[in-house]
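Each chain gets a letter, A, B and so on, in the order the sequences are listed, and its residues count up from 1.
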Amino acid sequence: MPELPEVEVTRQRIAPLLLGRAIAEVATTRPSYFFLTTPARLRRALAGRRADALERRGKYLVARLDDGSRLVLHLGMTGQLFSSAVSSPRLLRASARAILAPEAQAPFTPDEHTHLRLRFADGGPEVWMRDARKFGKVLWLAAGASDERLDRLGPDALEASGAALFAAGRGRRVAVKSFLLDQAVLAGVGNIYADEALFGAGVRPARAAGRVTRAEWERIAVALRRVLARSIETGGSSISDFVAPDGRDGAYQDERRVYDRAGAPCLACGTPIRRRVIGARSSHYCPRCQR
DNA sequence: ACCGCACCCTGAGCGC
DNA sequence: TGCGCTCAGGGTGCGG
């Protein structure tokens with residue numbers, strides 16, 4: 001699932017394919033809640049435009065277009081943003097993935113889940129967005145228009161500050177894990193990195209946010225910044241559907257200490273990692289290392 | 001204001 | 001080798 005590191009890796013690698021190229025034509029799937037702008041409006045708005053910058057805000061990607069409007073993308077759970085020139089096993093169903101040898105992979109061809117296709121005037125590789133579960137989002141903002149979703153976002157998690165978290169968490173009874181997932185508190189943290197950071201800080205995910213000490217918040221902030229930066233460095237976590245625009249897999253899944261390791265020994269003390277549902281999200285922690 | 005939870009969707013992975 | 005079932009999960013919105 002794409003969280004801050006996966007979105008950042010996507011941004012870095014899709015930017016060269018997107019920036020400075022005039023969009024000639026846009027194809028979309030039918031209207032659905034995936035599109036926060038009607039597909040027809042989106043097609044009209046993007047045709048003839050050129051993206052001059054691609055920014056990341058938490059888990060959102062924001063492309064600034066040459067007329068001052070903005071294209072906003074969210075990858076949701078299963079969103080994939082990639083080039084038509086790429087073939088990756090993650091663009092296939094798991095059944096097909098299991099059968100096909102890597103060298104037998106044909107380039108991906110758009111399917112019913114490929115909701116957005118940008119064709120460019122230069123005739124080069126297209127940029128495609130695919131999302132099987134449609135938890136992702138596409139919207140278009142006219143020049144000067146603002147959007148609640150973006151306005152609500154807290155500071156970027158790469159700049160997590162212990163003091164700010166401590167201040168924001170005062171009096172809150174919600175679990176620290178759920179608190180970290182609140183994008184208004186900190187933008188970009190998702191389930192994997194919240195679990196990993198809490199392990200790194202030695203704090204149990206179910207603790208009330210308001211009961212986390214100043215020193216613990218500082219450790220959480222440090223752990224978050226470290227875990228997120230390291231994941232970006234390694235190309236993100238290629239768990240489930242995440243595919244980088246160039247088709248390369250990330251490696252951070254190999255460095256994870258607790259996420260999806262229930263029952264496996266804690267890498268620090270050997271105690272079996274526990275799984276517990278908090279705020280309808282599975283949480284993984286070491287009962288001995290995390291207090 | 002805060003918090004818990006249902007909902008949106010579909011593929012994976014189970015049990016038989 | 002198939003079928004039907006359950007589950008996951010980001011973000012939003014609603015009810016308590």
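For the pair A/E3 and A/K59, the salt-bridge criterion is not met [side-chain N within less than 4.0 Å of a carboxylate O]. Ion pairing between A/D66 and A/R49 holds under the 4.0 Å rule for side-chain N and carboxylate O. The existence of a salt bridge linking A/R257 and A/D195 is excluded, since no basic side-chain nitrogen approaches an acidic carboxylate oxygen closer than 4.0 Å.
Counting any heavy atom pair closer than 4.0 Å across all strands shown, A/K137 reaches no nucleic acid atom. Residue-level contact check: A/Y193 touches neither bases nor backbone, having no heavy atom under 4.0 Å from any strand. Within the 4.0 angstrom heavy-atom criterion, no nucleotide atom of any strand lies near A/F179. Nucleic acid contact for A/D131: none, since no nucleic acid atom lies under 4.0 Å from a heavy atom of the residue. Within 4.0 Å (heavy atoms only), A/Q183 reaches sugar-phosphate atoms of the nucleic acid but no base atom.
Taking Ile, Leu, Val, Met, Phe, Trp and Tyr as members and joining any whose side-chain heavy atoms lie under 4.5 Å apart, directly or through other members, the hydrophobic cluster of A/V258 also contains A/F199, A/I273. Membership of the apolar cluster around A/Y60 extends to A/L36, A/V62, A/V72, A/L139, A/L141, A/L150, A/L153, as traced through chained side-chain contacts below 4.5 Å between ILVMFWY residues.
Chain A approaches DNA chain C over the interval C/dA8 to C/dT12, counting the first and last nucleotide 5' to 3' with an atom under 4.0 Å from its heavy atoms.
The bend of the helix from B/dC2-C/dG16 to B/dC16-C/dG2, defined by the angle between the axes of its first five and last five pairs, stands at 50° to the nearest 10°.
Screening residues 18-32 of chain A for salt bridge (Lys or Arg N to Asp or Glu O under 4.0 Å), with sequence neighbours left out, gives A/R21-A/D122, A/E25-A/R119.
Residue A/R281 is the one, among A/R281 and A/A132, whose nearest nucleotide of DNA chain B lies closer to the 5' end (criterion: closest heavy atom).
The environment of CZ in A/R226 is crowded: more than 12 heavy-atom neighbours from other residues, nucleotides or ligands sit within 6.0 Å.
Listed by chain and residue number, A/F82, A/L91 satisfy the side-chain contact (heavy atoms from CB on, under 4.5 Å) test with A/V86 (two or more places apart in sequence, or in another chain). Partners of A/R230 by salt bridge (Lys or Arg N to Asp or Glu O under 4.0 Å), not counting sequence neighbours, listed by chain and number: A/E233, A/E255. In terms of the side-chain hydrogen bond (donor to acceptor under 3.5 Å, both in side chains) criterion, residue partners of A/R43 (sequence neighbours excluded) are, by chain and number, A/T28. With sequence neighbours excluded, no residue forms a ring-ring contact (aromatic ring centres under 6.0 Å, His included) with A/Y285. Every salt bridge (Lys or Arg N to Asp or Glu O under 4.0 Å) that A/R13 has, sequence neighbours left out, goes to A/D246.
Side-chain contact of A/Q290 with A/R204: a donor-acceptor pair under 3.5 Å is absent, judged by distance alone. Using a 3.5 Å distance cut-off with no hydrogens or angles, the side chains of A/S83 and A/W128 do not pair a donor with an acceptor.
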Tabulate protein N/O versus nucleotide N/O from nucleotides 1-4 of chain B, keeping only pairs under 3.5 Å, one per line.
unit_1: B/dC3; atom_1: OP1; unit_2: A/R173; atom_2: N; d: 2.4
unit_1: B/dC3; atom_1: OP1; unit_2: A/V174; atom_2: N; d: 3.1
unit_1: B/dC3; atom_1: OP2; unit_2: A/R172; atom_2: NE; d: 2.4
unit_1: B/dC3; atom_1: OP2; unit_2: A/R172; atom_2: NH2; d: 2.9

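In this structure, the aromatic ring of A/Y33 is not positioned over the six-membered ring of the base of B/dC8 within 5.5 Å between centres and 30° between planes.
What separates NZ of A/K134 from C1' of B/dG11 is a distance of 14 Å, to the nearest Å. Remark: P of B/dA12 and CG of A/D260 are 16 Å apart, rounded to the nearest angstrom.
Taking 4.0 angstrom as the limit, A/H113 places none of its side-chain polar atoms (N or O) nearer than this to OP1 or OP2 of B/dC9.
Of all the residues in residues 272-280 of chain A, A/R275 reach under 4.0 Å from DNA chain C with at least one non-hydrogen atom.
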